[in-house]
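Here's the structure we're looking at; comments come further down.
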Amino acid sequence: MTIDINRVGIIGAGQMGSGIAQVCAAAGLDVRLNDREADRIEAGLGTIDASLAKLVSKGAIDEATSRSARERIKPARSFADLGDCDLVIEAATENEAVKREIFSTLCASLKPDAVVATNTSSISITRLAAATDRPERFIGIHFMNPVPVMQLVELIRGIATEDQTYESAKAFIAKLGKTSTMSEDFPAFIVNRILLPMINEAIYTLYEGVGSVESIDTAMRLGANHPMGPLQLADFIGLDTCLSVMQVLYDGLADSKYRPCPLLVKYVEAGWLGRKTKRGFYDYRGPTPVPTR
Ligand SMILES: CC(=O)CC(=O)SCCNC(=O)CCNC(=O)[C@H](O)C(C)(C)COP(=O)(O)OP(=O)(O)OC[C@H]1O[C@@H](n2cnc3c(N)ncnc32)[C@H](O)[C@@H]1OP(=O)(O)O
Ligand SMILES: NC(=O)C1=CN([C@@H]2O[C@H](COP(=O)(O)OP(=O)(O)OC[C@H]3O[C@@H](n4cnc5c(N)ncnc54)[C@H](OP(=O)(O)O)[C@@H]3O)[C@@H](O)[C@H]2O)C=CC1
């Protein structure tokens with residue numbers, strides 16, 4: 001029997017957390033949105049308002065549907081506010097220490113039978129599960145960015161994940177109108193195992209002077225029909241997240257082909273994280289993005 005999921009808690013109100021909150025509310029679920037700072041929750045709610053407005057202006061949903069979805073999302077100022085959630089999805093920064101700390105403090109506030117999930121892009125589900133009090137009720141639910149648009153969700157079981165947890169997560173994704181695929185618990189799972197080395201290679205291509213930002217992105221958009229160039233996509237994902245995923249691949253698979261490009265490291269060290277900080281491979285501070293190299 002699957003666990004009925006009616007109320008979802010989300011930790012981390014950044015681009016992924018806000019997108020997950022939006023699609024859950026649009027599917028009729030109650031949502032509690034948490035972040036470590038109240039102003040981050042407010043910013044996440046602002047992102048949801050803009051995204052819902054975009055869908056209304058396109059005629060994808062009507063005003064009343066948008067309003068009722070928005071009303072289902074409430075801020076959660078602390079983990080105690082997540083106590084009545086059936087499922088809590090962690091979507092905080094891609095850093096294992098940050099996530100472990102969240103799980104070790106979160107569980108005491110939850111119902112004993114609540115399912116706990118992570119939206120990690122790369123980190124071992126089995127290792128994160130070990131930071132909880134319920135590895136059998138823990139699972140990777142990996143949404144793609146932008147969440148309101150992308151159809152796929154990867155499900156990743158840890159070594160202890162029970163069948164009931166997996167089946168419940170699968171039913172939850174179907175309720176959101178999305179398609180789930182299963183990946184084994186290997187570094188970066190399936191999508192990012194393939195996508196991130198391609199992005200890293202694009203950054204090496206820039207680093208070695210093979211092409212400019214513009215020529216690399218144009219080449220892959222028009223030459224391989226990718227909807228975004230790889231450097232544009234890296235800025236969209238967040239360069240901090242890209243670097244963390246490459247580091248997990250490099251450490252976890254111990255193969256030099258996953259070595260993060262030194263230019264990626266430098267951009268992250270400079271705090272140029274892409275769109276979210278308004279500068280990455282493009283500068284977003286003006287009306288149109290301008291390549292930085
Ligand atoms: C890092 C990880 O762990 C895993 C990952 O997620 S990796 C990243 C995976 N994502 C990708 O690869 C995305 C690649 N890019 C794309 O698919 C497209 O560029 C895109 C869908 C993001 C935007 O498409 P576009 O055609 O350039 O822009 P745009 O016309 O504005 O948007 C397309 C549609 O999406 C909608 N849309 C885009 N962003 C939206 C948002 N945040 N909220 C609501 N709707 C949105 C638009 O309204 C538009 O809808 P219609 O087709 O009905 O008009
Ligand atoms: N970006 C992408 O394309 C995708 C990302 N993911 C994964 O989703 C997760 C979130 O990524 P994304 O939304 O892009 O990142 P963002 O940087 O946009 O958002 C992360 C949010 O988590 C907050 N946060 C950090 N520490 C804590 C904490 N201890 N408790 C609560 N909130 C915290 C951050 O606050 P502050 O800024 O103050 O630190 C920030 O608001 C990551 O694991 C990432 O790998 C998965 C699929 C796609």
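For ligands, and for the atoms within them, numbers begin at 1 and follow the listed sequence.
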Which protein heavy atom lies closest to atom 42 (C) of ligand 2, and at what distance to 0.1 Å?
A92 O, 3.2 Å

For atom 46 (C) of ligand 1, is there a protein heavy atom at a distance under 4.0 Å?
yes

Determine whether the side chain, the backbone, both or neither of D240 has a heavy atom under 4.0 Å from any heavy atom of ligand 2.
neither

Answer yes if the side chains of E90 and T118 hold a donor-acceptor pair under 3.5 Å, and no otherwise.
yes

Is it the side chain (CB and beyond), the backbone, both or neither of E37 that lies under 4.0 Å from ligand 2, heavy atoms counted?
neither

Counting each atom of ligand 1 from 1 as listed, which ones have a heavy atom of N192 under 4.0 Å away?
1 (C), 2 (C), 3 (O), 4 (C)

Using a distance threshold of 4.0 Å (strictly less than), state whether atom 15 (N) of ligand 1 has a protein heavy-atom neighbour.
yes

Which residue and atom name correspond to the protein heavy atom nearest atom 18 (C) of ligand 1, and how close is it?
P227 CB, 4.0 Å

Considering only protein heavy atoms, which is closest to atom 43 (O) of ligand 2, and at what distance to one decimal place?
E94 OE1, 2.6 Å

I need the contact type for L55 against ligand 1. Using non-hydrogen atoms and a strict under-4.0 Å cut-off, is it side chain, backbone, both or neither?
side chain

T120 heavy atoms, cut-off 4.0 Å: which ligand 2 atoms fall inside?
43 (O)

Could you tell me whether some N/O pair between R40 and ligand 2 is separated by less than 3.5 angstrom?
yes

Protein heavy atom under 4.0 Å of atom 27 (O) of ligand 1:
no

What is the nearest protein non-hydrogen atom to atom 13 (C) of ligand 1, stated with its residue, atom name and distance?
N145 O, 3.8 Å

NZ/NE/NH1/NH2 to OD/OE distance under 4.0 Å, K170 and D163:
no

Ranked by distance from atom 28 (C) of ligand 2, the top protein heavy atom is I102 CD1, 3.6 Å

Under 3.5 Å between some N or O of ligand 2 and some N or O of Q15?
yes

With the side chain counted from C-beta on, respond yes when Y267 and L243 share a heavy-atom pair under 4.5 Å apart, and no when they do not.
no

Hey, is A91 one of the residues with a heavy atom under 4.0 angstrom from ligand 2?
yes

Would you mind checking which non-hydrogen protein atom is closest to atom 43 (N) of ligand 1, with the distance to 0.1 Å?
S51 OG, 2.5 Å

Y284 vs Y282 aromatic rings, parallel, tilted or perpendicular, using cut-offs 30° and 60°?
tilted

State whether any protein heavy atom lies less than 4.0 Å from atom 23 (C) of ligand 1.
no

Using a 4.0 Å heavy-atom cut-off, say whether F236 meets ligand 2 through its side chain, its backbone, both or neither.
neither

Please list the nearest protein heavy atom to atom 35 (O) of ligand 2 with its residue and the distance rounded to 0.1 Å.
D35 OD1, 3.5 Å

What atoms of ligand 1 come within less than 4.0 Å of a heavy atom belonging to M144?
4 (C), 5 (C), 6 (O)

Taking everything shown except I61 itself, do over 12 heavy atoms lie less than 6.0 Å from its CD1?
yes

Side-chain touch I3/V115, heavy atoms, less than 4.5 angstrom:
yes

Within the protein, is there a heavy atom lying under 4.0 Å from atom 10 (N) of ligand 1?
yes

Work out whether the distance between some heavy atom of T241 and some atom of ligand 1 is less than 4.0 Å.
no

If we only count heavy atoms from C-beta on, is the F172 to C24 side-chain gap below 4.5 Å?
yes

To the nearest 0.1 Å, how far is atom 31 (O) of ligand 1 from its closest protein heavy atom, and which atom is that?
K54 NZ, 3.8 Å

Given side chains that start at C-beta, do those of P230 and D217 come closer than 4.5 Å, heavy atoms only?
yes

Can you find an N/O atom of E90 closer than 3.5 Å to an N/O atom of ligand 2?
no

Less than 4.5 Å apart, side chain to side chain, heavy atoms only: is that true for Q151 and M144?
no

Note the single closest protein heavy atom to atom 19 (O) of ligand 1, along with its residue, its atom name and the distance in Å.
M228 CG, 3.6 Å

If the cut-off is 4.0 Å to any non-hydrogen atom of H142, which atoms of ligand 2 fall inside it?
46 (C), 47 (C)

Is it the side chain, the backbone, both or neither of K99 that has a heavy atom closer than 4.0 Å to ligand 2?
side chain

Side-chain donor-acceptor pair under 3.5 Å between E154 and S183, yes or no?
no

For atom 7 (S) of ligand 1, which protein heavy atom lies nearest, and how many Å away is it?
L195 CD2, 3.4 Å

Is the number of heavy atoms from other residues, nucleotides or ligands within 6.0 Å of CD (E214) greater than 12?
no

Flag: protein heavy atom within less than 4.0 Å of atom 35 (O) of ligand 1
yes

Taking 4.0 angstrom as the limit, do D113 and R137 come out as a salt bridge?
no

With heavy atoms and a 4.0 Å threshold, my read on which part of I11 contacts ligand 2 is side chain

Other residues, nucleotides and ligands only: do more than 12 of their heavy atoms fall within 6.0 Å of NZ on K111?
yes

Ligand-residue contact atoms, ligand 1 with P146, heavy atoms, under 4.0 Å:
22 (C)

Taking 4.0 angstrom as the limit and counting only heavy atoms of G14, give me the atoms of ligand 2 inside it, by number and element.
13 (O), 18 (O), 19 (O), 21 (C), 41 (O)

Is K58 in polar range of ligand 1, meaning some N or O pair under 3.5 Å apart?
yes

Which heavy atom of the protein is the closest neighbour of atom 45 (O) of ligand 2, given with residue, atom name and distance?
S121 OG, 2.6 Å

Counting heavy atoms only, which part of N119 comes closer than 4.0 Å to ligand 2: side chain, backbone, both or neither?
both

Among all protein heavy atoms, pick out the one at the shortest distance from atom 3 (O) of ligand 2; state its residue, atom name and that distance to 0.1 Å.
N145 ND2, 3.0 Å

Quick one: does R100's side chain get under 4.5 Å of R127's, heavy atoms only?
yes

Any N/O of H142 closer than 3.5 Å to an N/O of ligand 1?
yes

Could you check whether any side-chain heavy atom of R221 comes within less than 4.5 Å of a side-chain heavy atom of Q232, counting everything from C-beta outward?
yes

Verify the cluster assignment for V8 and I20: are they in a single hydrophobic cluster under the rule of side-chain heavy atoms below 4.5 Å apart?
yes

For ligand 2, find out whether one of its N or O atoms is nearer than 3.5 Å to an N or O atom of F143.
no

Within a distance under 4.0 Å of any heavy atom of L233, pick out the atoms of ligand 1 and give their elements.
11 (C), 12 (O)

Protein contact to atom 39 (O) of ligand 2 [nearest heavy atom, distance to 0.1 Å]:
R36 NH2, 2.4 Å

Does the protein come close to atom 3 (O) of ligand 1 - that is, does one of its heavy atoms sit below 4.0 Å from that atom?
yes

Looking at P148, which atoms of ligand 1 are within less than 4.0 Å of one of its heavy atoms?
43 (N), 44 (C)

Under a 4.0 Å threshold between the charged nitrogen and the carboxylate oxygen, would E94 count as salt-bridged to K99?
yes

If we set the cut-off at 4.0 Å for heavy atoms, which region of Q22 has an atom near ligand 1: side chain, backbone, both, or neither?
neither

Do Y258 and R193 have side-chain heavy atoms sitting under 4.5 Å apart?
yes

In the protein, which heavy atom is nearest to atom 13 (O) of ligand 2, and how far is it?
M16 N, 2.9 Å

Heavy-atom nearest neighbour in the protein, as seen from atom 37 (N) of ligand 1, with distance rounded to 0.1 Å
V149 CG2, 3.2 Å

